[in-house]
Amino acid sequence: MTDLSLSARTRRVPLGAALRAAGAAVLALAFTVALAACLSALTGCSSDEASSAQTGGEKATEGAPTAEAGVLMVASALNSEPYEQATSTSQIGFTVELLRLVGERAGLDVQFAKAVNHKDADQNITPGRPEDVAAKVAAGEADLGASSIPADAALEGVALSEPYLHADYAVVTKMDTGHDDLASIQDAGTVMAVQNDAAIAAWVAENLPEAEVVAFEDGIDALMELNSERAQAAIVDEPRFRRYVQVKEPHLQAVELVASDKDYAFAVAAGNEALLTAVNEALTALRADGSYDALYDSWFGDAGIANEAAASREKGTGNAPEAVQDSTGA
């Protein structure tokens with residue numbers, strides 16, 4: 001066996017040979033370092049960047065510009081179930097989880113600022129409106145606004161992202177009440193609990209002119225009014241209806257699905273094109289790799305229905321697919 005220990009006194013090398021060998025080693029090392037520097041300059045790629053490239057491009061953007069480096073501060077009213085909500089310890093909802101995926105893609109840690117509220121002239125405090133959330137973003141108090149903001153909203157000081165969610169409207173009734181189609185709720189005296197939305201109001205006026213309309217700021221309140229049988233029907237965002245029957249009340253049914261132009265978008269400060277681009281690119285990537293559909297499925301059910309509706313709109317047919325009838329999909 002070869003003796004490699006330091007005590008092997010029989011291993012002696014002449015001093016001149018040792019110096020020559022050491023000099024050659026130094027020259028070789030210097031050459032290697034110089035060559036590596038040249039290659040780095042030619043490619044413009046650091047070892048960290050090369051490592052990132054080998055991961056398959058998991059992040060669309062690294063460190064988009066925000067007020068605090070590496071942090072995406074989000075402003076929201078956090079009162080729009082099931083999109084954005086606050087619990088005693090955190091934030092939950094489809095939009096909240098989607099933003100965390102966007103943050104991962106953009107190399108940003110998503111954090112939520114204190115829930116935005118609205119104070120009227122009489123000092124009454126209510127959950128913030130889209131314009132209140134946009135004002136926080138425009139003033140630099142948050143990097144991004146996410147509070148069920150319509151994609152066609154005209155809001156000062158902000159730019160809106162590509163839509164991240166489309167919402168048709170579901171006309172909903174309670175099972176086993178005899179209200180199983182649109183004709184059954186057209187009688188005078190029918191109480192309609194509706195999500196407060198100009199498009200919904202216009203549709204009801206045209207299609208259910210005899211109905212008594214009760215409007216709610218939150219669509220969930222409209223569904224609760226129906227479930228308590230203080231109303232015979234409700235009209236809300238279709239994704240909201242889907243989530244409600246999944247987790248709260250399976251005995252509701254959609255008797256009509258009304259195609260709409262309603263999309264939701266994120267808001268960033270006007271002029272922050274880099275952040276807006278990072279958000280849009282992240283949304284595109286999440287749709288492309290199936291992450292968006294997986295998240296949609298987990299919150300609302302089959303994403304294929306939403307995709308079918310989107311295809312119909314793009315073709316200009318205006319026909320929405322049949323809505324899910326209850327939590328079992330029957």
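Predicted, not measured: the structure shown is a model, and the values here were computed from it. Sequential numbering from 1 along the given sequence is applied to the chain's residues.
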* side chain to side chain donor-acceptor pair (under 3.5 Å) partners for Thr177, two or more places apart -> His179

* Single-linkage hydrophobic cluster Tyr83~Val133, side-chain heavy atoms < 4.5 angstrom -> no

* If Ile, Leu, Val, Met, Phe, Trp and Tyr residues are connected whenever their side-chain heavy atoms lie under 4.5 Å apart, and connections chain through other members, are Met73 and Val110 in the same group? -> no

* Contact summary for Gln91 and Val96, nearest pair of heavy atoms -> O-CG1, 3.7 Å

* Group every Ile, Leu, Val, Met, Phe, Trp and Tyr by side-chain heavy-atom contacts under 4.5 Å, then state whether Phe112 and Leu98 land in the same group. => yes

* **Main-chain N/O of Gln232 paired with Thr173 side-chain donor or acceptor, under 3.5 Å** => no

* **Donor-acceptor contact below 3.5 Å, side chain Thr66 vs main chain Val71** => yes

* Near Gln186 CD, under 6.0 Å, is it more than 12 heavy atoms from other residues, nucleotides or ligands? -> yes

* Asked: Rounded to the nearest 0.5 Å, how far does CG of Leu160 lie from CG of Leu276?
  -> 8.5 Å

* Asked: Looking only at side chains, do Gln111 and Asp109 share a donor and an acceptor under 3.5 Å apart?
  -> yes

* Structure fact -> What one should report as the nearest heavy-atom pair of Arg105 and Ala285 is NH1-CB, 3.7 Å

* **Asp263/Tyr164 under side chain to side chain contact (heavy atoms under 4.5 Å, CB included): CA gap, chis, key distance, verdict** => CA-CA 7 Å; Asp263 293 301; Tyr164 66 83; over 6 Å; no

* Asked: Is any side-chain N of the basic residue among Arg100 and Glu104 closer than 4.0 Å to the acidic one's carboxylate O?
  -> no

* Distance from Lys114 atom NZ to Glu141 atom CD, nearest 0.5 Å? -> 12.0 Å

* State the CG-NZ distance between Asp143 and Lys136, to the nearest 0.5 angstrom. => 14.0 Å

* If you measure from OG on Ser291 to CG on Leu283, what distance do you get to the nearest 0.5 Å? -> 11.5 Å

* Any side-chain heavy-atom pair from Leu78 and Gln85 closer than 4.5 angstrom? -> no

* **Residue pair Asn79 / Glu84, side-chain heavy-atom distance below 4.5 Å** => no

* To do: Begin from the C-alpha positions of Arg230 and Val191 and carry the test side chain to side chain contact (heavy atoms under 4.5 Å, CB included) through to its verdict.
  => CA-CA 8 Å; Arg230 290 188 293 269; Val191 177; over 6 Å; no

* Salt bridge check: are Glu81 and Lys248 linked by an N-O gap of less than 4.0 Å? -> yes

* Looking at residues at least two apart in the chain, or sitting in another chain, which of them share a side chain to side chain donor-acceptor pair (under 3.5 Å) with Thr284? -> none

* **side-chain hydrogen bond (donor to acceptor under 3.5 Å, both in side chains) contacts in which one or both residues fall within residues 192-216, not counting sequence neighbours** => Tyr169-Asp197, Gln195-Asp237, Gln195-Arg240, Asn196-Glu217, Asp197-Lys262

* **ILVMFWY cluster, Met192 and Phe216 together (side-chain gap under 4.5 Å)** => no

* Residue pair Leu72 / Leu275, side-chain heavy-atom distance below 4.5 Å -> yes

* **Main-chain N/O of Thr89 paired to Thr87 side chain as donor or acceptor, under 3.5 Å** => yes

* To do: Test Phe266 against Glu162 for side chain to side chain contact (heavy atoms under 4.5 Å, CB included), laying out the working first.
  => CA-CA 8 Å; Phe266 299 124; Glu162 294 295 323; over 6 Å; no

* Do the side chain of Lys119 and the main chain of Asn124 share a donor and acceptor less than 3.5 angstrom apart? -> no

* **Nearest heavy atoms of Ala146 and Thr95, plus distance in Å** => CB-CG2, 4.2 Å

* Are the side chains of Val214 and Val194 in touch, meaning some heavy atoms are under 4.5 Å apart? -> no

* pair Asn272-Pro65: side-chain heavy atoms closer than 4.5 Å -> yes

* Ala77 and Gly128: which non-hydrogen atoms are nearest, and at how many Å? -> CB-O, 3.3 Å

* Could you state the interatomic distance from CZ (Arg129) to CD1 (Ile149), rounded to the nearest 0.5 Å? -> 13.0 Å

* Step by step, work out the side chain to side chain contact (heavy atoms under 4.5 Å, CB included) result for Leu223 and Val236. => CA-CA 8 Å; Leu223 290 172; Val236 299; 4.0 Å; yes

* To do: Establish, for the pair Arg287 and Tyr292, whether the NZ or CZ atom is under 6.0 angstrom from the six-membered ring centre and no further than 45 degrees off its axis.
  => yes

* Pair His118, Asp120: side-chain N/O donor-acceptor within cut-off below 3.5 Å -> no

* Structure fact -> In this structure, CG of Leu165 is separated from CH2 of Trp299 (nearest 0.5 Å) by 12.0 Å

* Taking the side chain as every heavy atom from C-beta outward, state whether Leu144 and Leu99 have any atom pair closer than 4.5 Å. => yes

* Asked: Going by heavy atoms in the side chains, are Val255 and Val172 under 4.5 Å from each other?
  -> no

* Asked: If you look at every heavy atom in Ser147 and Ser76, which pair is closest and at what distance?
  -> OG-OG, 3.7 Å

* To do: May I ask you to test the Leu208-Ile185 pair for a side-chain heavy-atom distance under 4.5 Å?
  => yes

* Asked: With distance as the sole criterion, is a donor-acceptor pair present between the side chains of Asp180 and Gln253 under 3.5 Å?
  -> yes

* Would Val74 end up clustered with Leu101 when hydrophobic side chains under 4.5 Å apart are linked, directly or stepwise? -> yes

* To do: Work out which heavy atom in Ala170 is nearest to a heavy atom in Ala254; give both atom names and the distance.
  => CB-CB, 4.4 Å

